[in-house]
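The block underneath contains the structure these notes are about, expressed in structure tokens.
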There are 2 protein chains.
Amino acid sequence: MATRGAYAKGIVKREQILTTALEVIARNGYRHASVRELADAVGLSQAGLLHYFSSKEELFTAILRKRDEVDFATYVAEAGRSAEAFFAVIAHNAEVPGLVRLYAQLSVEAVEADHPAHAYFVERSERFRNAFADLIRAEQAAGHTDAELDPVLAGGLFLAAADGLQTQWLLDPTIDMVAHLRLLWSLVTSGRTDS
Amino acid sequence: MATRGAYAKGIVKREQILTTALEVIARNGYRHASVRELADAVGLSQAGLLHYFSSKEELFTAILRKRDEVDFATYVAEAGRSAEAFFAVIAHNAEVPGLVRLYAQLSVEAVEADHPAHAYFVERSERFRNAFADLIRAEQAAGHTDAELDPVLAGGLFLAAADGLQTQWLLDPTIDMVAHLRLLWSLVTSGRTDS
DNA sequence: GTCTATATCGTGATAGAC
DNA sequence: GTCTATCACGATATAGAC
């Protein structure tokens, strides 16, 4: 609000574009994750869209950041930092195949160290691994989980399983991502197959 | 051996190309999984390479099939159908980043139902999920694992974790894929963090 | 601020010489 | 059987009009 009018307006438009992009990608849509395809979807020309985001990678990274932000605000606000909040995010993912696909696609492209989205994925991985580790430590503190279990290793396992399940699910949408992750959670918390 | 000379020779050359491609991709190499890039690497022109494989997707799918075949012959022959054989394959993967990357890249592209490699990945997923399920059933039969555990669900979890760990590892090569999977195995077989 | 038009590049695939 | 040369396409990015 302290910024100049024109500049602030640009920011607002950027946000609007991201919000629209999220909706439109989520529903399904598009195959190639190209700027033109997304431009059509949000009602701008390709050049018009790149007026707000200076490159393709910046655009798509911004979309994924926005998604994280929205998911966090929606599900963590609702259920707190809990395994249930995490399951709710995953269950939601099953409703937004286009986003899942964009994430999978970009995450593979970004393994190259000099890819513009590399830092985003590294940072995100670390954040999620630590978040899972914290959940596990809480279970350990409550005496529900073996104290010998390495929380960071187990946290990495959750992250990997969540990512891998997305690819499996894209390949075969009858796969139940949440059921798999609940199983993993029950194994970690020393429960068994019962939910 | 019962085939005509010229035809058999073509087959042999195809195999040679695949073997060379495996070596050359494995070591590291190339970024874009393009035909031209691979052609340079195996010492052919792009057109020359496509003389043996009629499309890009056929070529790369053939490479991944060959990889599966070689891995199976190497590690399953050595350790039988066991968790250890599986860990050995994963440990080997950490030596061949280029192949891991090709796999990750193609598996995401192939989620589209009409992609030429779609059937390969669907079939492969099923095969691995079932193989893991069999391992778990054997543990259950031996009384090492909770009989209530759903073997197919747990098998899917292994597959997803293995896939997801590859992306994590590509992003950050200090990740120990085998350690994560051993942890999962120990959780499934009711052991804990001890190997 | 947004458009049309275009420059430039990399891709897979093909034609045709040798 | 393998090459060089080329085509057709789709991509990102940019120039410049309005």
Side-chain angles (χ1 to χ4, degrees), chain A residues 3-21 24-25 29-64 101-102 105-106 108-110 112 114-118, chain B residues 3-21 24-25 29-64 101-102 105-106 108-110 112 114-118:
Chain A
T3 41
R4 292 198 329 278
Y7 188 56
K9 193 171 170 188
I11 300 280
V12 168
K13 180 76 180 195
R14 260 180 73 116
E15 287 299 307
Q16 283 176 351
I17 289 172
L18 291 181
T19 305
T20 309
V24 111
I25 293 173
Y30 76 138
R31 303 160 72 95
H32 297 293
S34 74
V35 174
R36 206 167 240 119
E37 205 172 0
L38 181 60
D40 291 350
V42 302
L44 281 174
S45 72
Q46 185 246 15
L49 181 53
L50 281 186
H51 175 72
Y52 293 98
F53 300 89
S54 52
S55 74
K56 172 196 171 178
E57 281 86 5
E58 190 200 323
L59 168 58
F60 286 115
T61 309
I63 290 172
L64 290 180
R101 189 156 158 191
L102 175 62
Q105 209 158 324
L106 205 61
V108 172
E109 288 171 19
E112 202 77 19
D114 59 2
H115 189 283
H118 186 77
Chain B
T3 40
R4 293 196 329 279
Y7 187 58
K9 194 171 170 188
I11 300 280
V12 167
K13 179 77 181 193
R14 259 181 73 117
E15 287 299 306
Q16 283 176 352
I17 290 172
L18 291 181
T19 304
T20 309
V24 112
I25 294 173
Y30 76 139
R31 302 159 73 96
H32 296 292
S34 74
V35 174
R36 219 170 228 112
E37 206 172 0
L38 180 60
D40 290 348
V42 301
L44 279 175
S45 72
Q46 186 244 14
L49 182 52
L50 282 187
H51 175 72
Y52 292 99
F53 300 89
S54 52
S55 75
K56 173 199 170 176
E57 280 87 5
E58 190 200 323
L59 168 59
F60 286 114
T61 308
I63 289 171
L64 290 179
R101 188 154 159 194
L102 174 62
Q105 210 158 324
L106 204 60
V108 172
E109 289 170 18
E112 201 77 20
D114 59 3
H115 189 283
H118 186 77

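It should be emphasised that the depicted structure is a prediction, and the values quoted were computed from it without experimental measurement. Just so it is clear: chains get the letters A, B, ... in the order the sequence lines come, proteins before strands, and each one is counted from 1.
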Distances under 3.5 Å between nitrogen or oxygen atoms of protein and nucleotides 10-13 of chain C:
from	atom 1	to	atom 2	distance (Å)
C:dG12	OP1	B:Val35	N	3.3
C:dG12	OP2	B:Val35	N	3.1
C:dG12	N7	B:Gln46	NE2	3.4
C:dA13	OP2	B:Lys56	N	2.9
C:dA13	N7	B:Gln46	OE1	3.1
C:dA13	N7	B:Gln46	NE2	2.8
C:dA13	N6	B:Gln46	OE1	3.0

By salt bridge (charged side-chain N to carboxylate O under 4.0 Å, His left out), B:Glu15 pairs with (sequence neighbours left out) B:Lys66

Across all chains, not counting sequence neighbours, the salt bridge (charged side-chain N to carboxylate O under 4.0 Å, His left out) partners of B:Arg101 are A:Glu112

Hits for side-chain contact (heavy atoms from CB on, under 4.5 Å) against B:Ala47, two or more places apart or cross-chain, chain-then-number order -> B:Ser45

The side-chain contact (heavy atoms from CB on, under 4.5 Å) partners of B:Leu102 (sequence neighbours excluded) come to B:Ile25, B:Tyr30, B:Ala33, B:Phe60, B:Ile63, B:Leu64

How long is the line joining [atom1] of [X] and [atom2] of [N], in whole Å?
| X | N | atom1 | atom2 | value |
| --- | --- | --- | --- | --- |
| B:His51 | C:dC18 | NE2 | P | 19 Å |
| A:Leu44 | C:dT4 | CG | P | 11 Å |
| A:Leu38 | D:dG10 | CG | P | 18 Å |
| A:Lys13 | C:dG1 | NZ | P | 10 Å |

Can you find a heavy atom in the side chain of B:Ile17 that is under 4.5 Å from one in the side chain of B:Phe53?
yes

Residue pairs passing the salt bridge (charged side-chain N to carboxylate O under 4.0 Å, His left out) test with at least one member in residues 53-63 of chain B, sequence neighbours excluded, are B:Arg14-B:Glu58

